[in-house]
Amino acid sequence: MSLALPPEALRFRDEVRAFLDEHLSADLRRGAALTSGVFAEPDIARPWQAILETRGWLVYHWPVAAGGPGWSRVQRWIFEKECAEAGAPALPGMGLKLVGPVLYSFGDDAQKADYLPRLRSGEDFWAQGFSEPGSGSDLASLRTRAVRDGDDYLVTGQKIWTTQAHHANRLFALVRTNPEAKPQAGISFLLIDMASPGVTVRPILSASGDHELNEVFLDAVRVPVANRIGEEGQGWTIAKFLLENERGGSSFGPGLVADLRRLLDATGPLKGELATRAIRLSLDARALETTELRTAIELDAGAPPTPRSLITKLVASEIRQGIDELAVDAFGPAGLQLPAERPFYGPGMPAPIGPQAAQPAAARYLNSRAWTIFGGTSEIQLTLIAKAAVGL
Amino acid sequence: MSLALPPEALRFRDEVRAFLDEHLSADLRRGAALTSGVFAEPDIARPWQAILETRGWLVYHWPVAAGGPGWSRVQRWIFEKECAEAGAPALPGMGLKLVGPVLYSFGDDAQKADYLPRLRSGEDFWAQGFSEPGSGSDLASLRTRAVRDGDDYLVTGQKIWTTQAHHANRLFALVRTNPEAKPQAGISFLLIDMASPGVTVRPILSASGDHELNEVFLDAVRVPVANRIGEEGQGWTIAKFLLENERGGSSFGPGLVADLRRLLDATGPLKGELATRAIRLSLDARALETTELRTAIELDAGAPPTPRSLITKLVASEIRQGIDELAVDAFGPAGLQLPAERPFYGPGMPAPIGPQAAQPAAARYLNSRAWTIFGGTSEIQLTLIAKAAVGL
Amino acid sequence: MMLEPTEEQALLRDMVSRFLADHVPTDVAGRGSLPLADWRALGDLGVLALAVPEAAGGLGGGPGEIAIVAEAFGRAAAMGPLAECAVLCACLIADGGDQASASKWIGAITSGQAIVAYGGPGEGLGDLTVQRAGEGWILNGERRLVRHGAGAGAFIVALDDAPHLLLIEAATPGVAILPYALADGEQAALVRFDAVEVACEARLQVTPTRRRRVIAMTQLAITAEMIGLMQTLYEATVDHVRQRRQFGVAIGSFQVVQHRVARLFILLEQSRSLLLRAISADDDAFATAVTEAFAYVADAALRLAQDATQLHGGMGVTEDLLVGRGHRRLLVLSHLFGGAIAARAKLAA
Amino acid sequence: MMLEPTEEQALLRDMVSRFLADHVPTDVAGRGSLPLADWRALGDLGVLALAVPEAAGGLGGGPGEIAIVAEAFGRAAAMGPLAECAVLCACLIADGGDQASASKWIGAITSGQAIVAYGGPGEGLGDLTVQRAGEGWILNGERRLVRHGAGAGAFIVALDDAPHLLLIEAATPGVAILPYALADGEQAALVRFDAVEVACEARLQVTPTRRRRVIAMTQLAITAEMIGLMQTLYEATVDHVRQRRQFGVAIGSFQVVQHRVARLFILLEQSRSLLLRAISADDDAFATAVTEAFAYVADAALRLAQDATQLHGGMGVTEDLLVGRGHRRLLVLSHLFGGAIAARAKLAA
């Protein structure tokens with residue numbers, strides 16, 4: 001009974017560490033440290049993606065057959081922890097974490113050959129078209145229609161909360177192909193070229209002033225039937241697969257541990273209530289990374305997925321919000337500045353009030369409120385835990 | 001717009017204060033300060049009840065027609081605040097607060113003449129027979145049966161959580177007189193002589209070791225029909241009247257403010273986390289007493305009862321628990337002692353570890369967990385607030 | 001003892017509310033300070049003279065009146081230099097300024113023609129030193145969070161360790177103003193003082209008691225503004241959970257949503273109680289009662305804003321809805337004067 | 001890297017669990033220490049020798065083994081002087097005692113024949129002074145929370161400001177033992193030392209590093225015991241909300257109940273993670289990792305106990321159900337060594 005990493009794991013860790021030391025430039029670290037949104041912007045993400053792809057570690061969580069390096073779950077955990085400690089950019093997950101696994105699991109050979117290389121090279125930038133204005137947590141009520149027209153579908157509807165859609169050239173979307181069927185049964189999974197006529201992207205500004213989210217309007221957009229993943233009506237099954245990947249896919253704890261440490265480096269030692277909150281957050285984050293390591297060890301040992309992994313997203317969201325609220329409090333008056341310019345590491349940014357790390361604090365605080373909403377609200381997560389893990 | 005007490009209210013306050021200075025003996029104060037349960041035990045409660053009755057202030061919350069002093073709501077609030085500040089014993093509410101108002105509101109002349117004087121003199125000590133093992137928050141599901149037999153009912157069933165029933169000679173109880181009717185419609189309200197054959201009281205020890213609660217077994221207990229309050233089947237209406245009195249009847253804030261102050265007097269200045277918790281509790285308690293004063297002012301001005309008063313019991317319960325948990329933490333190791341002997345002010349009590357105020361701390365902590373359960377759980381209260389105050 | 005506003009207070013509230021309803025429609029609310037023209041119009045209505053003593057040509061309003069106006073601002077998510085300029089700086093000049101300062105600035109502030117901004121001491125607010133120089137002083141250092149400092153005609157600078165309150169015009173040589181945006185969209189400034197020569201007339205002679213009271217009045221205004229905005233966010237949230245449907249029902253029918261909104265109701269009622277308590281406190285107890293109210297409300301406001309955002313779902317984190325913008329505003333207001341943490345520390349001391 | 005116990009650890013766990021299941025039925029569990037006969041039987045099974053180094057005649061178990069046994073105790077709500085006596089005092093004597101002490105006490109402890117109780121320093125635990133007197137010392141003062149002190153044959157007294165660890169027999173002149181009951185039904189003692197003469201052989205020579213480690217092992221045992229009891233209360237609560245019906249349905253079907261139990265699941269999993277992390281820490285990191293685990297678990301345990309009580313309704317506050325008695329036990333365990341607050345303060349320092 002021990003979580004201590006065995007020698008071969010330590011060697012692997014050192015290898016990752018050495019790689020990060022060498023290839024993660026100061027500019028990339030700085031960009032990552034001053035990113036206010038969930039994911040790095042393309043100017044940071046693209047070069048880092050290329051570096052990882054060159055090393056063969058971009059799709060480290062994909063199976064060997066799909067081009068992954070064949071790492072164990074524990075190796076993935078170690079890799080994620082080292083990346084977090086080193087302050088690597090958070091690559092957008094829509095391609096690598098979401099549609100990638102869908103493509104290699106449900107796509108046909110032509111689709112795989114067509115899309116996977118471009119996904120990895122960064123030529124394709126993906127956005128996710130799931131949510132709609134009327135259907136947030138209740139995905140099955142989606143209304144975007146795809147009507148068959150020869151070898152194409154004509155897709156009409158509206159998607160919302162589409163992260164980084166303004167950078168994307170590809171959209172994967174759930175659409176209703178059969179309005180007669182039961183809500184879940186009539187849904188299909190389509191790949192849409194954002195350059196198609198009828199696609200309009202409208203920005204949604206966050207309260208922080210960040211532009212990460214968008215609405216995507218689809219007006220009789222012509223999508224080849226060949227761009228459908230799986231069978232018609234299989235969309236719900238694929239979506240569930242994807243959402244489980246989203247929830248349980250990667251480790252949150254290491255990033256939270258590292259972010260809290262970086263915050264405390266920037267603020268210096270905290271006193272009083274702030275010190276107490278920092279300790280509590282640190283214990284929560286360390287517990288979470290260990291919970292994630294336990295799950296990785298179990299999966300490597302061939303155990304079936306544990307319901308414990310359901311807690312990850314919920315707990316991570318609350319720690320994230322706790323850290324970002326602590327930051328505003330700890331930076332004092334400097335935590336209240338919120339320049340309109342972006343990115344925070346860009347040349348157009350005004351001089352910070354107080355330490356540079358304080359400048360994105362308010363933006364981060366506001367943005368991180370989204371963590372308990374998107375990707376399944378905390379309320380949905382708790383119900384899921386009660387049912388699947390507790391057995392109520 | 002001001003809550004400042006006008007001169008006549010200040011004069012009234014001074015009158016109450018002078019009375020308490022003179023009549024609240026050191027022994028009574030000490031007994032009250034070292035009581036671990038919700039209510040004072042009879043050795044403390046009876047003499048204090050007699051003193052108040054002599055002054056005409058025992059049933060200060062009853063209308064003039066029922067024998068009350070005709071105080072405004074604000075006067076009641078002031079009286080309760082002064083009693084709390086002075087550390088007066090908490091008189092059991094089953095008679096004075098619960099069945100008393102039922103008697104003068106729903107009783108016939110014979111019942112009033114029979115019971116009210118003995119209630120005030122302390123000759124009658126009342127217990128409340130509402131809850132049953134199967135029906136906690138769901139009172140309408142009660143199963144104790146009362147079957148008509150000539151001029152009597154034969155009452156059979158079981159009541160639980162009967163506070164101080166081991167001291168009581170009277171029980172007021174909800175019983176099912178019509179098993180055919182809808183759950184709420186078949187219930188009646190009876191007054192039962194505890195000396196009747198078939199009444200058995202079994203103590204329920206609290207986790208703290210205190211004996212406050214009991215089970216009362218009723219085995220074909222003969223109760224004259226004349227002991228029924230109101231009509232047959234009117235029990236639910238009377239119970240609702242009584243529960244509203246229980247929830248909204250008196251002020252909790254002043255007692256919590258005073259208890260917290262006494263705790264801090266005993267512990268001396270607190271540091272760090274404990275100081276923060278004390279401040280938060282103090283703000284909560286001061287807000288609550290002010291919320292209660294606002295309600296009193298409104299009622300005196302003739303406004304209808306405000307839904308704001310629904311928050312009182314819930315908020316008070318949580319502050320109560322907060323203070324009692326703070327006490328255990330603040331007393332340090334001494335907060336962990338829990339002698340089996342009772343009462344804490346009695347001659348048989350072993351020497352305290354640390355300050356005397358620390359000796360009942362663990363008992364109080366354990367007992368106060370009941371606050372969010374009895375008299376409508378916090379969950380029930382929140383639902384009530386959502387519906388009646390928020391309008392959901 | 002009266003919960004309702006007096007007739008005069010009700011007239012004041014209705015006047016301000018009506019003005020703000022007309023001039024700050026919902027889609028504009030919470031995006032930044034009122035335009036100067038609107039500010040002047042408020043001055044014309046007498047709103048900005050409210051806190052100034054009658055002897056100094058103001059309306060001599062008390063805590064009740066100030067809270068009523070500030071709450072109306074919060075209710076409408078309207079912004080402007082109300083608390084620090086029209087309450088704090090105006091009162092300090094009226095109380096302690098010489099004839100020249102008073103005649104130059106008080107009329108300008110109360111008519112909405114000029115802003116005097118406040119640079120008080122506190123953790124993270126920057127260091128300042130003041131040295132005697134002849135009849136006057138030399139000022140060096142900075143104030144980091146001077147709300148509305150970008151457009152101010154003058155500053156009142158306070159020092160913690162000295163009884164100095166100095167009124168310094170923005171155009172004084174050595175004063176450098178670095179404007180920046182706060183989270184609520186208002187402009188603040190970091191103001192640097194580089195060997196600024198301050199004449200002896202610039203010193204405001206305000207007794208410590210009065211100074212404490214005026215600062216408490218300012219904090220009361222901020223507390224009342226938070227409560228007004230809490231009320232607006234609360235009502236928006238109740239409406240939303242009644243209307244928004246998921247899984248075929250209104251989300252307000254879910255037990256956890258009901259309980260959560262019930263908690264917000266409690267926060268709001270308790271906040272209001274402490275505000276009323278502060279308004280009603282006698283002079284000796286006033287400053288502490290305000291600190292208590294602020295300590296509670298600053299926490300409650302942020303908690304309410306967070307839950308309002310959560311219950312609004314995705315829309316709650318955008319700039320499109322007032323709930324997101326109100327959240328930003330409450331983030332700023334709840335952190336002024338050191339926020340709830342400094343207030344609790346003060347109460348514990 | 002292995003989550004499951006080794007084969008030997010599993011045998012140990014099963015043996016202790018079986019013994020406790022046989023000897024501590026649910027209606028007895030959580031009411032106080034095991035009877036002496038049972039304690040001796042555990043000694044016969046080798047359980048009490050687990051922490052003692054092999055060189056001193058023990059089994060030389062590590063953190064994993066100690067956690068397994070302590071967790072089994074918590075799971076069964078069984079009580080006894082496991083942490084402070086069989087782990088802490090036994091190890092201190094084995095490490096630092098002379099031949100005579102070792103031969104007198106170690107066998108007696110590990111066989112369950114005698115109890116050596118621990119009086120450590122800390123806030124509220126009482127003042128002690130020790131003065132040199134010839135070859136030995138004179139001890140004056142008290143220790144206020146000596147668990148199992150009432151029946152102890154000897155005490156190990158530790159001082160904060162001195163490297164002293166003194167082993168003092170209960171019968172030594174000047175030692176006065178005042179037994180009292182703790183909230184969990186166990187007997188503790190306030191022990192007074194009135195000019196007690198301590199011979200030089202009574203001093204346990206334990207290096208600071210080793211002492212820190214042994215104290216961490218003790219805290220680890222208490223942490224594991226809490227987790228075992230949390231698991232028991234959690235399971236009782238899940239069973240209860242499945243079975244208890246109100247308003248015609250199981251209360252476990254209410255959304256707020258579901259979410260609340262889900263939170264308990266999270267607390268338990270996170271607690272277990274920090275325990276495993278501490279067990280797995282290398283020597284340098286061990287003491288800090290234990291403090292971290294204890295700080296988290298002490299809070300989580302009390303929170304879980306409170307919610308378990310709440311969800312059990314009225315029955316939860318009685319002595320009849322294990323949930324109420326388990327709550328008492330967790331109240332005590334979570335406050336040992338200064339509780340979560342002291343642990344957090346240590347981590348912040």
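Here is the naming used below: chain letters follow the sequence lines, and residue numbers restart at 1 for every chain.
- Of residues 239-250 of chain D, those residues lying under 4.5 Å from chain B by any heavy-atom pair are D/Arg244, D/Arg245, D/Gln246, D/Phe247, D/Gly248.
- Only the side chain of D/Leu190 comes within contact range of chain B, with heavy atoms under 4.5 Å apart.
- For chain D, no part of B/Ala334 is nearby; none of its heavy atoms comes within less than 4.5 Å.
- If you measure heavy-atom distances from B/Glu273 to chain D, the contacts under 4.5 Å come from the side chain alone.
- For the set B/Ser378, B/Pro333, B/Gly332, B/Ser131, the count of heavy-atom pairs under 4.5 angstrom toward chain D peaks at B/Pro333.
- Ranked by heavy-atom pairs under 4.5 Å with chain B, the first of D/Gly314, D/Ala345, D/Gly324 is D/Gly314.
- Below 4.5 Å, heavy atoms of chain D meet heavy atoms from B/Ile353, B/Gly354, B/Ala362, B/Tyr365, B/Leu366, all part of residues 350-366 of chain B.
- Counting heavy atoms from C-beta outward, B/Arg277 and B/Glu325 have side chains that approach closer than 4.5 Å.
- Note on D/Asp307 versus D/Arg263: no salt bridge recorded, every NZ/NE/NH1/NH2 to OD/OE distance being 4.0 Å or above.
- Neither the backbone nor the side chain of B/Ser141 comes within less than 4.5 Å of any heavy atom of chain D.
- Only the backbone of B/Pro133 comes within less than 4.5 Å of a heavy atom in chain D; its side chain stays farther off.
- Using a 4.5 Å cut-off between heavy atoms, B/Leu382 does not touch chain D at all.
- For B/Leu205, the parts lying under 4.5 angstrom from a heavy atom of chain D are both the backbone and the side chain.
- Counted within 6.0 Å of CZ on B/Arg202, heavy atoms from surrounding residues, nucleotides or ligands total more than 12; the atom is thus considered enclosed.
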